[in-house]
Trainee: 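Sharing a structure, written as C-alpha cells. Questions coming.
In the text below, chain A, chain B and the rest are named by the order of the sequence lines, each starting its count at 1.
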Amino acid sequence: MAKDLLPDKTTQPAEWYTRVIQLADLADYGPVKGTMIIKPYGYAIWERVQAAMDPMIKQMGVGNAYFPLFIPMSYLEREKSHVEGFAPELAVVTHGGGEKLEESLAVRPTSETIMYAAFSNWIQSWRDLPLAINQWCNVVRWEKRTLPFLRTSEFLWQEGHTAHQTHEEAIQMQQGAMGMYATIYHDFFALDGYIGQKSTSERFAGADDTLTFEMMMPSGKALQSCTSHDLGQNFAKTFDIKFQAPDRTEAYVWQTSWGLSTRSIGGLIMAHGDANGLVLPPQLAPIEIVIVPVQPDENILEYGRKLEIQLADAGRRVFFDTRDDERFGYKLNKWEVKGVPVIIKLGAKEVEEQKATLKRRDTGGEKVASQAELNGHIEALLQDIQRSLLAKSQALRNENTREAANYDDFKAILKEHKGFVKVFWNDNPEAEAKIKAATKATSRCKVASGQQGTDFFTGEPATDVWLFAQSY
RNA sequence: CGGGGUGUGGCGCAGUUGGCUAGCGCGCAGCGUUCGGGACGCUGAGGUCGGAGGUUCAAGUCCUCUCACCCCGACCA
C-alpha cells in the first residue's frame, strides 16, 4: 500500500490533499501565487466532466459561444451590487502595447456584464427569446488564500447565461440548470449534497435568488459546488435589454446565469480520496482499468495485450502498463494513488488458467474472472463502484446533518462535529454576520419553507428550514 | 492585510563557535542481477546556497534591505 507516502487524511487534511494532487499527477503549482498547471491526467478528468455536461447543456437549448477575456471597467461598474461583490478580487489590466490604457480592463471574474452588453444589441423582439448562451472558459478572481482546484486565482468553468420573456420561464431555466448539475454530481462524480436557496448575504452579487448545491466534505466543512442564479431584471435594466412583446408592449428580459467550475474536482478528491490516494468514480476516470503484469514475461504480455484489445473493443478506457523498469508492487501503488477504479493483475497463474484477477480501488476487494466473462464482470464492477461511492457520499452527508433547536445546541453541534446544522431561521444578514463571527459557520442554503418552527437565533416564529455549516 | 514559518541539485533535508573541493536520502541516466504489493549492486549526471548590498584574510553560516512561497485568520466558484 502507498500509505507511507501520504500524510494522514484525518489529522493533516491540507497536507494530504496537496500531496495527493502531486502524487496522482493531477496538477502542479504555477509561477504566480494561486495559479496551477493542470496536467494531462487532471485535465482528462475535466474533459470527462465536459463530455458529460456539454450535451446536457445543448439539450436545454443552450448554445456554446465565446466572449472576450477583457471587460471594460465601466461595464462592471454598471450593476452596483455586482461590482461591489467582485471589485476586491479583480485583476485589472492598465497597460497594453507599452502604453497606459485610456480605460482599464478587468480580466473577467465572470461574464455577465460583457455578455449582457451584447445581449442588449441582439435582443429586439420576443422572437429573439429565449437567448441562451454557454461558454467554457477561464475566469480570474484574485483570492487571498488558495488551494489547488478548490480555490485558485484562475479557474476553469462553464457559465450559462439566458434571457427570457417571463420570470416563470427564467426560474424554470434556473431550476433546470441546477437539476442538470445535480445529475452530473450524482451520476458522474458520485457525490450527493443539498440543493437550496442562498441567504441574502450569501447570494450572488447582482442576483435576486441563488440556488446552490452544497456538499459535505469528510472534514465536516461544506463545499459550495455550483450555483444557479435568477438575475431577475437587474442586469436587463442596467444593460437595457428590452424586447417588444406580441402585444406591442416593451419589456425587460428576465435572466439567469449558472456555473460549475474545476472546484468540483477538488471536491471529488477530498470526498472520495483515502489513505492510499485518489479514488475516482468510473464515470470520470480517464482510465477505468489498468492491466498490470506481474513480470515482464512474454507470455504474460501477450495475454495482457489480448485482454487490452478485448476491453477496448467493448468501449472501456483501458491502459496496459508494460513498462519494464518498474516492478509489480511499484506499479500497483502508482495506479492506486492515481485512483484508477479497477486494476487487473496478470501473472503466470492467470495466463495458465486464462483468467484475470480484478482488484477494485474503492474497497480493495479482489475477485477472479475468466477471460470469457471478463467484460461482463468489469461492467458490473464499474457500476458497483460508481454506486457504492455515491452511497458513501450520501451516508457521509446524512451522518453529518444534525438538527438544532436553539443557538446553544447549534454551537455545541458545531464544536463537537462541524457538519451541517439544520435549523429554523429567518434570513437576516445581521444575524448571519453575528453567527459567523461567533462560530465560523454561515448559512449554506434553505432546504424547506412553509413549516412551523422557532428561529434558532432569535426565538421568534419561523417557517424556513436552513442548513448552516463552516465552508471551504 | 494581520499572526507564524521556510528559502541549500527535480523532491525532502543536514550543514556546529564563520574555515579546506557544500553533503545525505529519494528521484534521474547507463549496465547487470532481479520480478505475485514501492528490489539490489556498480558507475554517473546534476546545486554556488531566493536576490541585492555590507562586515571579514575567509560567508550557506554574521548584519541590512528585499523577494518569493507555505501554514493559520478576514474575502471567495
Side-chain angles (χ1 to χ4, degrees), chain A residues 1-7 12-15 17-19 22-23 28-35 84-90 108-111 137-160 181 198 201-205 207 210-215 222-229 257-267 276-277 292-297 300-301 323-337 343-352 357 359 364 366 368 433 436-437 440 442 470-472:
Chain A
M1 299 298 151
K3 276 189 188 94
D4 312 341
L5 297 174
L6 282 168
Q12 301 176 274
E15 291 74 13
Y17 179 79
T18 47
R19 194 82 195 106
Q22 303 273 339
L23 284 176
D28 201 352
Y29 289 102
V32 175
K33 177 176 163 55
T35 61
E84 278 172 8
F86 283 105
E89 44 185 22
L90 284 183
R108 64 178 164 227
T110 179
S111 302
C137 66
N138 59 338
V139 289
V140 170
R141 299 181 187 180
W142 219 260
E143 300 289 352
K144 304 282 186 208
R145 225 181 127 186
T146 57
L147 253 179
F149 291 107
L150 283 178
R151 202 185 306 100
T152 44
S153 296
E154 178 187 6
F155 58 87
L156 304 182
W157 75 347
Q158 59 70 221
E159 48 177 329
Y181 290 147
K198 279 294 186 190
S201 43
E202 290 285 319
R203 102 171 41 117
F204 179 72
T210 291
L211 286 176
T212 178
F213 189 80
E214 299 283 331
M215 298 190 311
L223 186 72
Q224 179 174 312
S225 307
C226 56
T227 47
S228 179
H229 315 294
S257 69
W258 26 279
L260 182 146
S261 74
T262 38
R263 165 180 276 192
S264 58
I265 295 174
N276 295 324
V292 181
V294 168
Q295 292 154 9
D297 172 84
I300 299 171
L301 292 178
R323 276 188 77 144
D324 61 2
D325 61 325
E326 292 172 349
R327 299 174 93 225
F328 184 56
Y330 185 91
K331 287 181 179 178
L332 294 178
N333 286 307
K334 177 179 73 176
W335 293 111
E336 278 169 6
V337 170
I343 292 176
I344 296 182
K345 300 178 176 185
L346 287 189
K349 199 172 67 191
E350 281 80 1
V351 175
E352 191 183 325
T357 301
K359 175 162 188 185
E366 284 193 14
V368 177
K436 184 179 183 181
K440 290 195 223 168
T442 51
Q470 293 176 12
S471 74
Y472 270 97

Trainee: On a whole-Å scale, what distance lies between the P atoms belonging to U8(B) and G51(B)?
Mentor: 10 Å

Trainee: Closest to the R327(A) side chain: G37(B), U34(B), A77(B)?
Mentor: U34(B)

Trainee: Write down the distance separating the P atoms in C71(B) and C35(B), rounded off to the nearest Å.
Mentor: 43 Å

Trainee: How do T146(A) and E366(A) order along RNA chain B: which one's closest nucleotide is nearer the 5' end?
Mentor: E366(A)

Trainee: Mapping K440(A) and K334(A) to their closest nucleotides on RNA chain B, which lands nearer the 5' end?
Mentor: K334(A)

Trainee: Taking E366(A) first and then K345(A), would you say they form a salt bridge - that is, a charged N and a carboxylate O separated by under 4.0 Å?
Mentor: yes

Trainee: Take atom C1' in G15(B) and the same atom in C24(B), then report the distance between them in whole Å.
Mentor: 10 Å

Trainee: If C69(B) has a Watson-Crick or G-U wobble mate with both distances under 3.5 Å, name it; if not, just say none.
Mentor: G5(B)

Trainee: Categorize S257(A) for me: base, sugar-phosphate, or nothing, with a 4.0 angstrom heavy-atom threshold over every strand shown.
Mentor: nothing

Trainee: Just wondering, do Y181(A) and L211(A) contact through their side chains at under 4.5 Å, heavy atoms?
Mentor: no

Trainee: Go through the steps for E352(A) and K349(A) under the test salt bridge (Lys or Arg N to Asp or Glu O under 4.0 Å), then give the verdict.
Mentor: CA-CA 5 Å; E352(A) 191 183 325; K349(A) 199 172 67 191; over 6 Å; no

Trainee: To the nearest Å, how far apart are Q470(A) CD and C72(B) P?
Mentor: 13 Å

Trainee: Looking only at atom C1', what distance separates G37(B) and G2(B), rounded to whole Å?
Mentor: 48 Å

Trainee: Under 5.5 Å between ring centres and under 30° between planes: does that hold for F155(A) against the base of A77(B)?
Mentor: yes

Trainee: Take atom P in A22(B) and the same atom in U48(B), then report the distance between them in whole Å.
Mentor: 11 Å

Trainee: Could you identify the nucleotide paired to C42(B), looking across every strand shown and requiring Watson-Crick or G-U wobble geometry with both distances under 3.5 Å?
Mentor: G30(B)

Trainee: Look at the rings of H229(A) and F204(A) and say which category their plane angle falls in: under 30° parallel, 30 to 60° tilted, over 60° perpendicular.
Mentor: parallel

Trainee: So, are K198(A) and E214(A) salt-bridged, with charged N and O less than 4.0 Å apart?
Mentor: yes

Trainee: Counting only Watson-Crick pairs (N1-N3 plus N6-O4 or O6-N4) and G-U wobbles (N1-O2, O6-N3), all under 3.5 Å, who is the partner of G23(B)?
Mentor: C13(B)

Trainee: Respond yes when some side-chain nitrogen or oxygen of R145(A) is under 4.0 Å from OP1 or OP2 of A74(B), and no when none is.
Mentor: no

Trainee: Nearest of A77(B), G37(B), C70(B) to any side-chain atom of Y29(A)?
Mentor: C70(B)

Trainee: With both distances under 3.5 Å as the test, what is the Watson-Crick or G-U wobble partner of U64(B)?
Mentor: A52(B)

Trainee: From the list G36(B), G37(B), C75(B), which nucleotide is the closest neighbour of the side chain of E143(A)?
Mentor: C75(B)

Trainee: What is the distance, to the nearest angstrom, from the CD atom on E84(A) to the P atom on C75(B)?
Mentor: 16 Å

Trainee: On a whole-Å scale, what distance lies between the C1' atoms belonging to C57(B) and A52(B)?
Mentor: 24 Å

Trainee: Hey, is the side chain of E336(A) pairing donor to acceptor with the base of G37(B) inside 3.5 Å?
Mentor: yes

Trainee: Tell me the interatomic distance from Y472(A), atom OH, to A74(B), atom C1', rounded to whole angstroms.
Mentor: 18 Å

Trainee: Can you tell me how far P of C76(B) sits from CD of E214(A), to the nearest Å?
Mentor: 14 Å

Trainee: Describe the nucleic acid contact of G259(A) in one word from base, sugar-phosphate, nothing, applying a heavy-atom distance below 4.0 Å.
Mentor: nothing

Trainee: Which one is paired to C35(B), where only Watson-Crick or G-U wobble pairs with both distances under 3.5 angstrom count?
Mentor: none

Trainee: What is the distance, to the nearest angstrom, from the CG atom on D325(A) to the P atom on G27(B)?
Mentor: 12 Å

Trainee: Between G4(B) and C11(B), how far apart are the P atoms? Round to whole Å, please.
Mentor: 28 Å

Trainee: Could you tell me the separation between the CZ atom of R19(A) and the P atom of C26(B), rounded to a whole number of Å?
Mentor: 16 Å

Trainee: For R151(A) and A77(B), what is the distance between atoms CZ and C1' respectively, to the nearest whole Å?
Mentor: 10 Å

Trainee: Please say whether the positively charged group of R141(A), taken as NZ for Lys or CZ for Arg, lies over the ring of W157(A), i.e. under 6.0 angstrom from the six-membered ring centre and within 45 degrees of the axis.
Mentor: yes

Trainee: Scan every strand shown for a Watson-Crick or G-U wobble partner of G18(B), both distances under 3.5 Å, and answer none if you come up empty.
Mentor: none

Trainee: Using the C1' atoms only, state how far U21(B) lies from A58(B), rounded to an integer number of Å.
Mentor: 15 Å

Trainee: Could you report the tightest heavy-atom contact between S153(A) and E143(A), atom names first, then the distance?
Mentor: OG-N, 4.1 Å

Trainee: If you take all heavy atoms of A348(A) and I300(A), which pair is closest and at what distance?
Mentor: N-CD1, 3.8 Å

Trainee: Could a donor-acceptor pair under 3.5 angstrom be found where the side chain of K331(A) meets the base of G37(B)?
Mentor: no

Trainee: Rounded to the nearest Å, what distance is computed from the CH2 atom of residue W157(A) to the P atom of nucleotide C76(B)?
Mentor: 15 Å

Trainee: Looking only at N and O atoms, is any donor in the side chain of K144(A) or the base of G2(B) less than 3.5 Å from an acceptor on the other one?
Mentor: no

